[in-house]
Peer 1: 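First the structure, which I've put down as structure tokens, then a few questions once you've had a look.
When a ligand or atom number is given, it counts from 1 through the structure's own listing order. When reading the values below, keep in mind they use all heavy atoms of this one structure, side chains included, and skip hydrogens, waters and symmetry mates.
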Amino acid sequence: MKLKKLFMLLFILNTVSFISVAVVINKYQKATIKLDDAYNMQYKSLILADELRQSSDDLTRMARTYVITGNAMFEEQYKTVLAIRNGELPRPKRYNGIFWDFLTLEDNNTPLLNGEKMPLRELMIRAKFPESELNLLFTSQNESDDLTNLEHKAMNAIKGIFQDKDGNYTIKANPDFALARDIMHSDAYHLAKIRIMEPLDRFYKAFENRTKQKVIEAKQSVTELEVSVNVIVMFSIVLFLMSFFIILFRIVYPIDLLRVVMLKLAQKDMSVEIEKNKFEDEMGDMMGAVEIFKDNTEKLISSEHQLTLAMEDAKNANKAKSIFLARMSHELRTPLNAILGFTNILKKSMNATTQEKENLNIIKKSGEHLLNIINEILELSKIEAGKIEINPKNFNFFELIKEIEDIFALRCEAKNLKFKINLSSNLPDFINADEQRLRQILINLLGNSLKFTNEGEITLTIYSLNNKLFFEVKDTGIGIDESNQEKIFKPFEQVKLDNYTQQGTGLGLAITKELITLMGGNIYLRSKLLKGSEFFFSINYKKANNQEISLKNQAQEIIGVKEFLEEKTILVVDDIRENRNLIVQILSFFGFKTLEASGGLEALELFDNFDNSKKQKIDLIFMDILMENLDGLQTMQIIRKKEKNSDIPIIALSANVFDEDKKQALNSGANDFLPKPVEEKDILLIVAKYLNIELEYEKKENVEKNDISSELKNLPKEFFQKLQEQVLLMDNIAILTLIKDFKLSNELQNHIENLLNGFKYQELLDLCEV
Ligand code: ADP
């Protein structure tokens, strides 16, 4: 049965049983009262009958005593008793005994006759004696009057008063005691007495029977009701206990079961069993619901588990990818290192012809382009692995803007585009931020604008607000339709346009966005197809002052080392011969003495020999990290342990360029870190820094920019046709010959060479349309 119905049933049953108990107890109470009444009546009737008999006896006794003694007191008492019985005098309150009793019990303070006046007859009527019994009493009382007459006659005879023939006491003579005694003991007196006693005796029997009957009846109904009370109270108790147990087993117990189950489920203990079939009521429904909840939770936990596994897999895959990329980059950068380095050395060789130098230039630019692509891929893998770090430095912000302007003004001009820079007046001169990353972001955004704009202008706006720098890069180019605006910030996403030759990897904006986020900013895009694009971004910065700015000479070409007094010996440790040779040749070219070691062990041996000879010492070490047997890190640690060598500058070299590789090298004792492929410039700068040597820089002349676009306009059509053909064939050598044949100005030649070296064929095609 459903709990709701069961509860209603129990409620009704309990209510009915309680009402029954109340009714039966009430009845029982009434019956006991009836029984009491019956006893009371029996008692009262007895008292009244007794009073009648007693008063009659008292009257006889007093009259007889008066007749014998002639004492008037007895006559007085006789009259008093009679008057009380007839209701003429008030009855004493305790009038329930013989006359003498109430007389002797009199206390002096309260008068003896202190009750109300009430004839005995009236009392009998009030006591509700049945008529038959009252008739007997009245008969008796009437007879008692006869007796009283005889007594009067006797008492008058003592006073000498006698009855005349009419029965009136008119005759006076001498008192006649003998007559009085005779009357009081005469047969007539006895017969009169018997006549009183006889109805009285019947009255006694009648009322005794009646009251006895009443008491028996009342007793019987009390006994019967007693049984009913016991039965109904027992039934109620049983019903109450039963209700209690039903509630316990049908509600309390299952709720507790449910509580235990739910607590276990809350603790993700799915082993818990739910006995839902045990209950076919609302509790069963609840258990069923909990079972569904459990099933769902189980599914959730299992999918959560699968998700964790999948995430773990993805993490592992990502890690594997990062490791692969790092390895690949190492593998690719190591030979590139050799290609670029030796190209540089060959370029410097006096024997090379101009044609060979040009070819070397192409090799160098191609290598640099390849390096750029590798760098971009590596950068993205660093971002994905969360290993990219921002290195804020103090720098001259306006110098950076100028540098950007120098790069883009010329390139825009070549495409006949206007390039504008709007700077707000509140821009700080010197700031603390990651200069290299900011340059990278700006070059990427402006580079994209340049790539995707064929006419109009490109504008860079910069302003500062609340310690943030805001940049806007706006172009009037081909624009990006809305569906692609989010996509392009994802890696490898490019907008495919049929009539547009695409270059690049599709990684630029993904890297830019991550860098901006790392620099505490955001990037937004607003663009309309065929109208142009606007990229907005911000970065955090701190103000800096110019004393904290390190002077930069990197932009200028190093042509030599100023003469140094002491000979400097540099040890180069690298297990790959080509790489080692490259550094050795660069250092030798600039007049340093070099030592070579093809591994850690050889380096330590060499180091010890030199150390022991005492005449010569090693001034600086270039140490490759990845080497067989004893790697660079271990070798540096051993060198650092030898106390005397604690101050020799060691420069770690590695193609593994994650920040953690750098940190690891520095922790193992390196003073600095150079990422491979190392450039001649970097080697010289670092040697100069640690050996206190001054470098000689090329003196740059300020070349006036010729108006390339006007020159282009004046070139014959034939030139553009040939250029277009060769660009489409990607025949670089033919293009270089072409620009020589047409005797272009140096500026235009350089510009085209630069585009070629950067593989910017689209821009070359754009030139043809000018
Ligand atoms: P990519 O190396 O291909 O330029 P990016 O991530 O820098 O990679 O750009 C992704 C794509 O976003 C581009 O290929 C181009 O389709 C679109 N894009 C970026 N900047 C612009 C712009 N200023 N105007 C039009 N399209 C743009």
Side-chain angles (χ1 to χ4, degrees), residues 325 368-384 388 404 407-409 411-412 414-422 436-462 470-519 521-537 539 755 757-766:
L325 283 172
E368 279 169 357
H369 182 66
L370 199 56
L371 190 62
N372 256 343
I373 295 174
I374 296 170
N375 281 345
E376 267 199 347
I377 293 177
L378 187 64
E379 188 122 300
L380 189 81
S381 76
K382 273 197 215 170
I383 287 173
E384 285 184 344
I388 208 152
I404 297 290
I407 300 171
F408 286 94
R411 288 170 71 185
C412 283
K415 269 188 94 174
N416 223 355
L417 297 172
K418 271 191 204 151
F419 181 61
K420 280 196 222 156
I421 296 188
N422 300 326
Q436 201 191 330
R437 296 301 185 190
L438 181 56
R439 182 185 295 109
Q440 187 180 349
I441 294 166
L442 285 170
I443 289 178
N444 185 40
L445 292 178
L446 288 166
N448 276 347
S449 286
L450 190 73
K451 201 157 45 167
F452 298 106
T453 309
N454 291 330
E455 55 187 28
E457 59 183 34
I458 295 171
T459 323
L460 170 65
T461 308
I462 310 175
F470 291 85
F471 299 81
E472 292 176 17
V473 176
K474 192 173 170 184
D475 65 52
T476 52
I478 58 165
I480 304 155
D481 71 316
E482 231 177 292
S483 60
N484 286 316
Q485 288 186 6
E486 250 182 60
K487 237 163 59 177
I488 54 162
F489 288 103
K490 296 196 172 121
F492 305 107
E493 291 288 351
Q494 291 179 319
V495 181
K496 297 275 172 304
L497 292 173
D498 294 342
N499 57 352
Y500 217 88
T501 326
Q502 286 263 329
Q503 275 181 15
T505 50
L507 293 175
L509 283 178
I511 295 171
T512 300
K513 187 173 182 213
E514 288 303 325
L515 291 178
I516 290 172
T517 310
L518 286 173
M519 291 170 88
N522 281 311
I523 181 163
Y524 303 102
L525 163 64
R526 189 162 64 196
S527 181
K528 251 193 171 167
L529 207 59
L530 305 175
K531 286 266 156 45
S533 312
E534 287 172 80
F535 285 88
F536 305 89
F537 74 94
I539 58 159
L755 291 179
N757 294 334
F759 299 93
K760 295 181 173 145
Y761 296 107
Q762 181 59 45
E763 286 179 31
L764 284 169
L765 286 177
D766 294 343

Peer 1: Hey, are the side chains of Thr459 and Thr461 touching, using non-hydrogen atoms and a 4.5 Å cut-off?
Peer 2: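 Answer yes - side chains close enough.
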Peer 1: If the cut-off is 4.0 Å to any non-hydrogen atom of Ile480, which atoms of ligand 1 fall inside it?
Peer 2: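 Those of ligand 1 that fall under 4.0 Å from Ile480 are 18 (N), 21 (C), 25 (C), 26 (N), 27 (C).
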Peer 1: May I ask you to identify, for Leu509, whether its side chain, its backbone, both or neither come under 4.0 Å of ligand 1 on a heavy-atom basis?
Peer 2: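 The answer is both, backbone and side chain.
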Peer 1: Would you check if the side chain of Asp475 reaches a backbone N or O of Thr453 as a donor-acceptor pair within less than 3.5 Å?
Peer 2: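 Pair absent, no side-chain N/O of Asp475 close to backbone of Thr453.
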Peer 1: Tell me, do Glu457 and Leu417 make a side-chain contact under 4.5 Å, heavy atoms counted?
Peer 2: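 A side-chain contact under 4.5 Å is absent here.
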Peer 1: For ligand 1, which atoms have a heavy atom of Gly508 less than 4.0 angstrom away?
Peer 2: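 Numbered from 1, ligand 1 contributes 5 (P), 6 (O), 7 (O), 8 (O).
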Peer 1: Counting from 1, what ligand 1 atoms have a heavy atom of Lys451 closer than 4.0 Å?
Peer 2: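 It comes down to these atoms of ligand 1: 1 (P), 4 (O).
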Peer 1: Taking the ring of Phe537 and the ring of Phe471, is the distance between their centroids below 6.0 Å?
Peer 2: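 Centroid distance Phe471-Phe537: below 6.0 Å, so yes.
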Peer 1: Using a 4.0 Å heavy-atom cut-off, say whether Leu507 meets ligand 1 through its side chain, its backbone, both or neither.
Peer 2: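 Leu507 to ligand 1: backbone contact only, side chain stays beyond 4.0 Å.
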Peer 1: In ligand 1, which numbered atoms sit nearer than 4.0 Å to a non-hydrogen atom of Ser449?
Peer 2: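 Those of ligand 1 that fall under 4.0 Å from Ser449 are 23 (N).
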Peer 1: Quick one: does Ser533's side chain have a donor or acceptor within less than 3.5 Å of a partner on Ile478's backbone?
Peer 2: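 Such a contact is absent between Ser533 side chain and Ile478 backbone.
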Peer 1: Indicate, as side chain, backbone, both or neither, the part of Asp475 found under 4.0 angstrom from ligand 1 when only non-hydrogen atoms are considered.
Peer 2: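 Under 4.0 Å from ligand 1, Asp475 contributes side-chain atoms alone.
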Peer 1: Which of the atoms of ligand 1 are close to Asn444, meaning less than 4.0 Å from one of its heavy atoms?
Peer 2: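 With Asn444 as reference, the close atoms of ligand 1 come out as 7 (O).
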Peer 1: Do Gln436 and Arg439 have side-chain N/O donor and acceptor atoms under 3.5 Å apart?
Peer 2: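 No, no side-chain donor-acceptor contact under 3.5 Å.
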Peer 1: Is it true that a side-chain atom of Ser527 and a backbone atom of Gly479 form a donor plus acceptor pair closer than 3.5 Å?
Peer 2: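 Checking the backbone N and O of Gly479 against the side chain of Ser527, no donor-acceptor pair under 3.5 Å is found.
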Peer 1: With nothing but distance in play, are any N or O atoms of Gly479 less than 3.5 Å from an N or O of ligand 1?
Peer 2: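 Gly479 vs ligand 1: no N/O contact under 3.5 Å.
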Peer 1: Is there a side-chain contact between Thr517 and Asn522 in this structure, where contact means two heavy atoms from C-beta onward sitting under 4.5 Å apart?
Peer 2: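 Not touching, per the 4.5 Å side-chain cut-off.
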Peer 1: Below 4.0 Å from ligand 1: does a non-hydrogen atom of Gly477 turn up there or not?
Peer 2: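 Flag not set, Gly477 not near ligand 1.
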Peer 1: Report, in ascending order of atom number, the atoms of ligand 1 lying under 4.0 Å from any heavy atom of Phe535.
Peer 2: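 Those qualifying, in numeric order: 20 (N), 23 (N).
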